[in-house]
Amino acid sequence: MEIYRLGISEIRDLLDKKEASVKDVVNAVYKRIDSVEDKIKAFVTLTKDKAIEMADAAQKMITSAGAGGCPPLLGIPIAIKDNMCTRGIRTTCSSKILYNFVPPYESTVTSRFIEQGYILIGKTNLDEFAMGSSTENSAFFTTKNPWDLKRIPGGSSGGSAAAVAADECIAALGSDTGGSIRQPAALCGVVGLKPTYGRVSRYGLVAFASSLDQIGPITKNIKDSAILMNIIFGHDPLDSTSAPLPVPDFTKVLGQEIKGLRLGVPKEYFIEGMDKEVEASVRDAIKKLESLGAVAVDVSLPHTEYAVATYYILATSEASSNLARYDGVKYGFRAEGKDLMDMYMNTRAQGFGAEVKRRIMLGTYALSSGYYEAYYKKAQQARTLIKRDFEEAFNTVDVIVTPTSPTAAFKLGEKTEDPLQMYLSDIFTISVNLAGVPGISIPCGFTLNNLPIGLQIIGKHFDEETILKVAYAYEQATEWHMRMPSL
Ligand code: GLN
């Protein structure tokens, strides 16, 4: 098997047994990038020079590693979504307003990777400021789905998901505010996990909607997801919303039985208008889990119908506040103007794309005096009800299983004219962010057109272990994750 096709733990083995050098691994990945990146366009920035430097350092660490062995990520090529700050390396959020922004500091997640001796392969494309479901809102270019180049990879972490699916990296990080890790993972046939809110430090993640944003892994398999979780999870004094809780070794739950485990199947997630092939695959996946000993139970999440509206009030409100800092003064793009106010206005008018402007306007409106009570406050109340739905359901079940996305990957351009249709792509993922619970998307089938379908497994707050256990049991009993796109 070609090196670039392997996962984290397999490359760890090769490196530790000295069957390959870090340079071999890095070269294999860039060779792959050279041959497919023109078609996929997953990366905003490739960091080859930096990677070669990091590879030399990693190789020295491997050679001198003592009896304790090497840290899991030493010498492993990883791609990072371009909304996480990397010191000295351009971090654009796929926005014109940050096209030349070089952060003077490192995000906590990538700092932890650096401590392990990882290799940064490049920064991946996204919808501008992570606002979107297709990467078509990137100010630079659209990433293509490796399974069908005429289709979108999902979003907003479309670059990361496509890079993993196309074997242009060994694993990647994404961020998820309303589905941006899970939905592209589903549409690209890879594994994507959104942790419980507070599990992973957001320090150095460019803020979109701070009460919803979480960073998480996008990987080729469940084990790799567990490995990355072990590293990025845990309290960080630099993020006051990060939870001061111990982090278990997530690889320990892999292989545990799921006999007697209760799977909630919410009726609100099997709806009119969803794709029949998606529904059939997810129902088959539930049967498969039952055959492994799990017990499927009907549950209800009655406030689901309010989730999309609630999200688009809260997320846009938070975004309107977070994005106020891009004024052309301290960093990023600056336009000319006849006075200060004119400069501000020109900078923001030219620097932001249409979707970002739409959201700033929506959010500013929802927060403005006279409307605050009717929109923002109401949405906060609805959020509480949605969160309670999950708490109620989790009184009787251990995990909840749903489709990740109502359809497989759609065609480029299919929804760009209709923002509401685009917003509905996240109908099954958004509630999970509003409730703050963790969710994972794993491959569970293919459409007749050979497009991947994702199964979403949702867990209780801070119970990522159970969703991993279920995901791993399913993965080991099926072969979906072994299919590869022909590129
Ligand atoms: N697609 C959703 C949005 O456009 C979610 C994005 C995300 O999770 N970052 O806001």
Side-chain angles (χ1 to χ4, degrees), residues 80-84 93-95 124-139 142-143 152-161 172-188 192-195 197 200 202 205-218 307-320 322-323 352-363 366 379 383 404-407 409-410 414-416 418-441 454 456:
I80 305 287
K81 186 177 182 178
D82 206 21
N83 62 351
M84 293 171 224
C93 287
S94 292
S95 179
T124 57
N125 195 27
L126 59 149
D127 288 292
E128 185 175 1
F129 284 102
M131 298 175 187
S133 309
S134 67
T135 78
E136 290 165 301
N137 294 335
S138 166
T142 300
T143 300
I152 56 96
S156 64
S157 313
S160 284
L173 288 183
S175 68
D176 190 315
T177 306
S180 281
I181 290 174
R182 291 159 289 156
Q183 184 258 17
L187 272 38
C188 289
L193 177 122
K194 185 206 83 80
Y197 185 80
V200 178
R202 292 180 294 109
L205 170 67
V206 177
F208 161 13
S210 312
S211 78
L212 300 159
D213 300 339
Q214 274 290 286
I215 294 170
I218 299 180
V308 173
T310 302
Y311 171 86
Y312 277 97
I313 290 173
L314 297 179
T316 56
S317 296
E318 293 184 28
S320 71
N322 276 325
L323 272 60
F352 289 134
E355 181 61 25
V356 174
K357 285 180 193 159
R358 177 166 24 244
R359 297 206 186 192
I360 292 173
M361 287 189 279
L362 274 171
R383 181 177 188 173
T404 307
S405 160
T407 64
F410 43 93
E414 196 178 317
K415 302 193 180 180
T416 40
D418 186 349
L420 278 183
Q421 276 309 311
M422 191 69 91
Y423 295 173
L424 287 173
S425 322
D426 293 305
I427 188 161
F428 297 149
T429 48
I430 271 174
S431 300
V432 170
N433 301 75
L434 290 169
V437 291
I440 192 170
S441 179
Q456 178 173 231

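Start at 1 and go down the list; that is how both ligands and their atoms are numbered. Position 1 is the first residue of the sequence; numbering continues from there.
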Full working for side-chain hydrogen bond (donor to acceptor under 3.5 Å, both in side chains) between Asn125 and Asp82: CA-CA 6 Å; Asn125 195 27; Asp82 206 21; over 6 Å; no

side-chain hydrogen bond (donor to acceptor under 3.5 Å, both in side chains) between Thr429 and Lys194, worked out: CA-CA 10 Å; Thr429 48; Lys194 185 206 83 80; over 6 Å; no

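Sorted by chain and number, the heavy-atom contacts of ligand 1 below 4.0 Å come from Ala130, Met131, Gly132, Ser133, Ser156, Asp176, Thr177, Gly178, Gly179, Ser180, Phe208, Tyr311, Tyr312, Arg359, Asp426.
Residues Leu212 and Tyr311 form a side-chain contact, since some pair of their non-hydrogen atoms from C-beta on lies under 4.5 Å apart.
Side-chain contact annotation: Asn322 with Ser210, donor-acceptor N/O pair under 3.5 Å present.
Annotation for Asn83 and Cys93: closest pair CB-SG, 3.6 Å, computed over non-hydrogen atoms.
Listed by chain and residue number, Thr404 satisfy the side chain to side chain donor-acceptor pair (under 3.5 Å) test with Ser441 (two or more places apart in sequence, or in another chain).
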